[in-house]
Amino acid sequence: MNENLFASFMVPITLGIPITTLIIMFPTMLFPTPNRLINNRMTTIQQWLTKLTSKQLMVTHNPKGQTWSLMLISLFLFIASTNLLGMLPHSFTPTAQLSMNLGMAIPLWAGTVFIGFRNKTKMSLAHLLPLGTPTFLIPMLVMIETISLFIQPLALAVRLTANITAGHLLLHLIGSATLALMSINLFTALITFIILTLLVILEFAVALIQAYVFTLLVSLYLQDNT
């Protein structure tokens, strides 16, 4: 059981070639472009959820920030579909890789910070020094605020990676325990299976919530800099 504990987090390889890129591109097939005059139920539900999420993310933004609406909703759909893809048996979850999450977090964070320093230079610099700070604390507080600024993309990536990884590991451990208990105590195995079922439902919710939290934090960074 311990030998294969992290097997689901390994990069899948076919014929010696990593197929991570194909797996990352697969969720885009789940959102086809409608080409009919009247959409079916699936496309209608997808469009309704997309508009609802976009409205929630963009309601507090000014016109400059609202230009990011397409990027943010695409980010949410990508992370959500990738997280849900990882719930399938024998599948691979790209968002459980810290390198990939950093690859999403750092450019988005850098873009918001660059916009802030370009459009509101004085206000962006003012965030590094709280109002009314004693003179002798100015160098220390500027250093602390600068470090906290650069930690933001790392916190974004680590939060998503930790939540997805912890959920998958917990499901793996409880699933293995259920199989082991079936030959020892059937009643205990039944209770463990019920717990496993509830955790699977919770993990589906976590997959969507973490996608929304990641996108919402990027939206908040954008709001502070526009």
Side-chain angles (χ1 to χ4, degrees), residues 8-9 11-12 20-34 41-61 65-113 151-172 198-226:
S8 60
F9 304 106
V11 177
T20 309
T21 304
L22 296 177
I23 295 176
I24 292 174
M25 293 173 61
F26 176 74
T28 59
M29 301 171 60
L30 303 178
F31 302 96
T33 303
R41 292 184 180 90
M42 189 64 180
T43 305
T44 303
I45 293 174
Q46 289 178 354
Q47 291 180 349
W48 176 76
L49 289 174
T50 301
K51 291 179 181 178
L52 180 63
T53 306
S54 178
K55 183 178 179 181
Q56 292 292 328
L57 291 173
M58 296 288 108
V59 67
T60 58
H61 284 274
Q66 290 177 358
T67 58
W68 281 53
S69 58
L70 180 60
M71 180 181 295
L72 291 180
I73 196 63
S74 300
L75 176 68
F76 170 75
L77 292 175
F78 172 74
I79 298 178
S81 56
T82 305
N83 290 347
L84 293 175
L85 177 67
M87 295 298 298
L88 298 177
H90 306 287
S91 60
F92 172 69
T93 312
T95 48
Q97 305 292 323
L98 183 60
S99 58
M100 176 176 172
N101 295 334
L102 282 174
M104 292 189 296
I106 292 178
L108 292 170
W109 166 84
T112 60
V113 172
I151 284 179
Q152 288 177 354
L154 181 62
L156 270 178
V158 170
R159 181 186 294 106
L160 180 58
T161 304
N163 281 280
I164 299 301
T165 303
H168 285 17
L169 287 178
L170 188 59
L171 289 177
H172 185 280
L198 295 176
L199 281 175
V200 169
I201 298 174
L202 177 62
E203 191 64 19
F204 274 104
V206 168
L208 296 175
I209 291 172
Q210 289 303 316
Y212 182 76
V213 168
F214 189 98
T215 311
L216 179 62
L217 289 175
V218 174
S219 175
L220 292 176
Y221 297 156
L222 178 64
Q223 182 182 353
D224 292 337
N225 290 281
T226 53

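Below, all heavy atoms of this structure are taken into account, side chains as well, without hydrogens, waters or symmetry copies.
- Residue A211 comes nearest to A80 through the heavy atom pair CB-N, 3.5 Å, listed as atom of the first residue, atom of the second, then distance.
- Between atom CD1 of residue I79 and atom CG of residue L208 there is a gap of 11.5 Å, rounded to the nearest 0.5 Å.
- Applying the side-chain hydrogen bond (donor to acceptor under 3.5 Å, both in side chains) test to T95 and every residue at least two apart in sequence or in another chain returns N83.
- Using a distance-only test at 3.5 Å, with no hydrogens or angles considered, no donor-acceptor pair links the side chain of S219 to the main chain of T215.
- For the pair S81 (side chain) and F78 (backbone), a donor-acceptor distance under 3.5 Å is present.
- Put simply, CD1 on I106 and CG on N101 are 10.5 Å apart, with the number rounded to the nearest 0.5 Å.
- When all heavy atoms are compared, the tightest approach of P153 to L102 is O-CD2, 4.2 Å.
- Across all their heavy atoms, I164 and E203 have their closest contact at O-OE2, 4.0 Å.
- When side chains are defined from C-beta on, L217 counts as touching R159, because their heavy atoms get closer than 4.5 Å.
- In terms of heavy-atom proximity, Y221 sits nearest to W109 at CD1-CD1, 4.4 Å.
- Residues passing the side-chain hydrogen bond (donor to acceptor under 3.5 Å, both in side chains) test with T112, sequence neighbours excluded: none.
- Taking OG1 of T161 as the reference point, atom CE of M100 lies at 10.0 Å (rounded to 0.5 Å).
- Counting heavy atoms from C-beta outward, L171 and V200 have side chains that approach closer than 4.5 Å.
- Annotation for L75 and M104: closest pair CD1-SD, 4.1 Å, computed over non-hydrogen atoms.
- L72 contributes atom CG, which lies 11.0 Å from atom CG of L77 (distance to the nearest 0.5 angstrom).
- Listed here is the closest heavy atom pair of F214 and L108: CE2-CD1, 4.4 Å.
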